[in-house]
Amino acid sequence: MARIIAGVSSSHVPAIGAAIDLKKTEEPYWKRVFDGFGRSKEWMARQKPDVVIAVYNDHASAFSVELIPTFALGCAAEFPPADEGWGPRPVPVVKGHPALASHIAQSVILDEFDLTIVNKMEVDHGLTVPLNLMFGSPKEWPCPVIPLAVNVVMYPPPTGHRCFMLGRAIRKAVNSYPEDLRVIVMGTGGMSHQISGPRAGLINSAFDKAFLDGLTRNPQKLVRIPHVEYMREAGAEGIEMVMWLIMRGALDDKVKEVYRFYTVPASNTAVGHIVLENAPRAAHRRGVPVPAKRPSTKGRRAVAHAAH
Ligand code: DHB
Ligand code: FE
């Protein structure tokens, strides 16, 4: 059986991608940002996930304003980097996992989340920058990645609650996939930022840090944040943070916060990052044999609960 082992969230600031591509990561302004992801890259290298589900938003690269799906699941075998105006980023083609993606589509749609199925799509900085932050700049991405594009570009985006419940439905889908896969869910975008208008440059560290706290300890409080509050407190583009709630919904109720990082600014944006682990279950620890003895009553209850 497949299982979600952890969730990761990170900003996707396009200038971070440009800093990598133009080899500026050692400059003091950018080193401050990249140093914050050093431990995360080590953590990711130890996890060796079989698949990543990357919740991200397209910035009018794959979908123009003529067609904007609320939730679009990438079921293709590969997703090339998009040309965002300066040619495609020099990053590897993202290899998908069509079998797991189709299974998720089947399960989630029958659970009444009407996803758009995407069989051909290019992916922009919203996806490729977080992959760089977590995996560095390898020749090939180390595992298949299933993109889940969320509309946070044109109002109305989905509510935080809807996002969280979609995460729950994705967890159920993954848990019912027969192959023994260890899956990590990434939520991307944010944190507070506003790119244009009189409030351009807005950053609200207090809001961002409370959001990070809530992700670990009390996501139910976050799911009720209305759009207008994101807009007011975190800026027009701060709404990207609802995507982190899909990641959180896909995890267990109780999680272990392994790491977090926060710095301001990078370009116009507050950069936030968090790594949350589900409690390991014996069968999914790499190389650890399943214990023969029966789990305690408490343990059995925990396993039964997490299977939903
Ligand atoms: C910036 C941030 C974004 O999330 C984005 O999509 C574009 C630009 C910025 O900080 O400049
Ligand atoms: Fe963005």
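We count ligands from 1, going down the list as the structure has it; atoms in each ligand are counted the same way. These numbers were taken from a predicted model, which means no experiment stands behind them.
- Figure legend: cation-pi geometry between Arg260 and Tyr262 absent, as NZ or CZ is not positioned both under 6.0 Å from the six-membered ring centre and within 45° of its axis.
- For residue His193, no N/O/S atom approaches the Fe ion (ligand 2) to within less than 2.8 Å.
- Nearest to atom 3 (C) of ligand 1 among the protein's heavy atoms is His193 NE2, 3.5 Å.
- Interface of Thr269 with ligand 1, defined as ligand atoms under 4.0 Å from a residue heavy atom, comprises 1 (C), 2 (C), 9 (C), 10 (O).
- The environment of CD in Gln106 is sparse: at most 12 heavy-atom neighbours from other residues, nucleotides or ligands sit within 6.0 Å.
- Under a 3.5 Å cut-off, the side chain of His273 and the backbone N or O of Val271 do not form any donor-acceptor pair.
- No side-chain donor-acceptor contact under 3.5 Å links Arg89 to the backbone of Asp83.
- A donor-acceptor pair shorter than 3.5 Å cannot be found between the side chains of Thr128 and His12.
- Annotation: atom 5 (C) of ligand 1 to nearest protein heavy atom, Pro14 CD, 3.5 Å.
- Taking backbone and side-chain atoms together, His59 has an N/O/S atom less than 2.8 Å away from the Fe ion (ligand 2).
- For atom 6 (O) of ligand 1, the closest non-hydrogen atom on the protein side is His59 NE2, 2.8 Å.
- By the neighbour-count criterion of 12 heavy atoms within 6.0 Å, atom CZ of Arg217 is sparsely surrounded, having that number or fewer from other residues, nucleotides or ligands.
- Residue Glu240 approaches the Fe ion (ligand 2) most closely through its N/O/S atom OE2.
- The backbone N or O of Pro98 lies less than 3.5 Å from a partner atom in the side chain of Ser102, making a donor-acceptor pair.
- Each of the atoms 5 (C), 6 (O) of ligand 1 lies under 4.0 Å from some heavy atom of His125.
- For the ligand labelled ligand 1, residue His12 lies inside the 4.0 Å heavy-atom shell.
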